Amino acid sequence: MNRQEMDDIFAKRARELFLASTGSLDPQILARLSEARRRAVDAVDGPRPSFTLGWRVPASAMALLFVAVIGSALWTGGNAPAPGSSFTAANTDAPLIMSNDNLDMYADMDFYQWLATEDQPAPAPAADTSIDHEDDDDDDTGVGG
Amino acid sequence: MNRFLADVERRAFRIAQMALRSVEDAQDAVQEAMFQLVKSYSARPSAEWTPLFYKILQSRIRDTQRRRMVRNRVLSFFGGQKDDDDDAMPDPIASAVDTAGRDPSEQVAQAEAMLALESALSRLPGRQREAFMLRILEGLDVEQTAQAMGCSEGSVKTHLSRAMHSLRESLGEHW
């Protein structure tokens, strides 16, 4: 007899003894098991009291809504940036940082603004442009001399 | 579901009792497993109920064993009170009611053999004991046993092989 056959015989005997022991259980134990089964099945299959659910569901929903509103208010209120805070400054500086332009230009912004006002053409007759140019040169010479 | 539970409740109780060696704890474990199965899995196909039920039951058994272990450690720390759960199990010979009409000597011999098996099972590591009880005593197939134990089929075979070897060695040839 090989090991597998011996295992099979052993397993068969163990199962027979086990099943025999379930057939001789104490009646009190059997009654408790039946009662436990009946309660377990009734808990799901039995009629649900509609009165208790009738007010519990809306009350739970309202409580959940209340908590959600308070929570969101606290969350947004707590995280809102104060005026002039670093968060606001960061937001306004963001286009500068993300721009491809040379940052030096922004550093000398006052100069460029002044230059723009100086470059505005002075109101003058259009026919005298060349003369004005010469005059400018003369003026320059005169100033320089 | 009622029919399924009625079919399985006696065997489930005996498995829990053999693992926990306490009538009260075994009843609690089976009752909780019934509630959990009905509550969570009654909509599942009935073919899945057996492994699911035994998975829940094994989980309850392990929880009880863990609680007992913690309690025993605390008690031993504060004065070494003995856990008397082993004594809570009734003597199967005394409480046996033979429904098959066998003669008393045969009945006693079977009860003694079952006691010896239970004693040997109690000395096995937990996973080996689970594999033996589910696969051999309850008669689940390897796949169902693996589902109930939450492990691979290969692990079931390994645990079962070791359990069989230990039990046969422990009980001897004349068991």
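Below, chains carry the letters A, B, ... as their sequence lines are ordered, and counting in each starts from 1. Remember, predicted model here, so these are calculated numbers, not experimental data.
Applying a 4.5 Å heavy-atom cutoff, the residues of residues 151-165 of chain B that approach chain A are B:S161, B:M164, B:H165. The stretch residues 48-66 of chain B places none of its residues near chain A, where near means some heavy atom under 4.5 Å from a heavy atom of that chain.
A salt bridge links B:E24 to A:R32: one of the charged nitrogens lies within less than 4.0 Å of a carboxylate oxygen.
The contact between B:I136 and chain A is made by backbone and side chain atoms together, counting heavy-atom distances below 4.5 Å. Residue B:I15 touches chain A through both its backbone and its side chain, counting heavy-atom pairs closer than 4.5 Å. Proximity to chain A involves both the backbone and the side chain of B:F35, based on heavy atoms less than 4.5 angstrom apart. Heavy-atom distances place both the backbone and the side chain of B:E9 under 4.5 Å from chain A. Heavy atoms of B:A12 lying under 4.5 Å from chain A are absent altogether.
The shortest non-hydrogen separation linking B:M114 to A:F18 is SD-N, 3.8 Å. Nearest heavy-atom pair, B:G139 versus A:R15, reported as atom, atom and distance to 0.1 Å: N-NH1, 3.7 Å. Nearest heavy atoms, A:A40 versus B:V38: O-CG1, 3.3 Å. Scanning both residues, B:M34 and A:A36, for their nearest heavy atoms gives SD-C, 4.0 Å.
Other residues, nucleotides and ligands contribute only 12 or fewer heavy atoms inside 6.0 Å of the CD atom of A:Q28.
The CE atom of B:M18 lies 7.0 Å from the OG atom of A:S21; values are rounded to the nearest 0.5 Å.
Considering only heavy atoms from C-beta on, B:R10 stays 4.5 Å or farther from A:I29 through its side chain. Within the 4.5 Å cutoff, the side chain of A:R38 has no heavy atoms near those of the B:N2 side chain.
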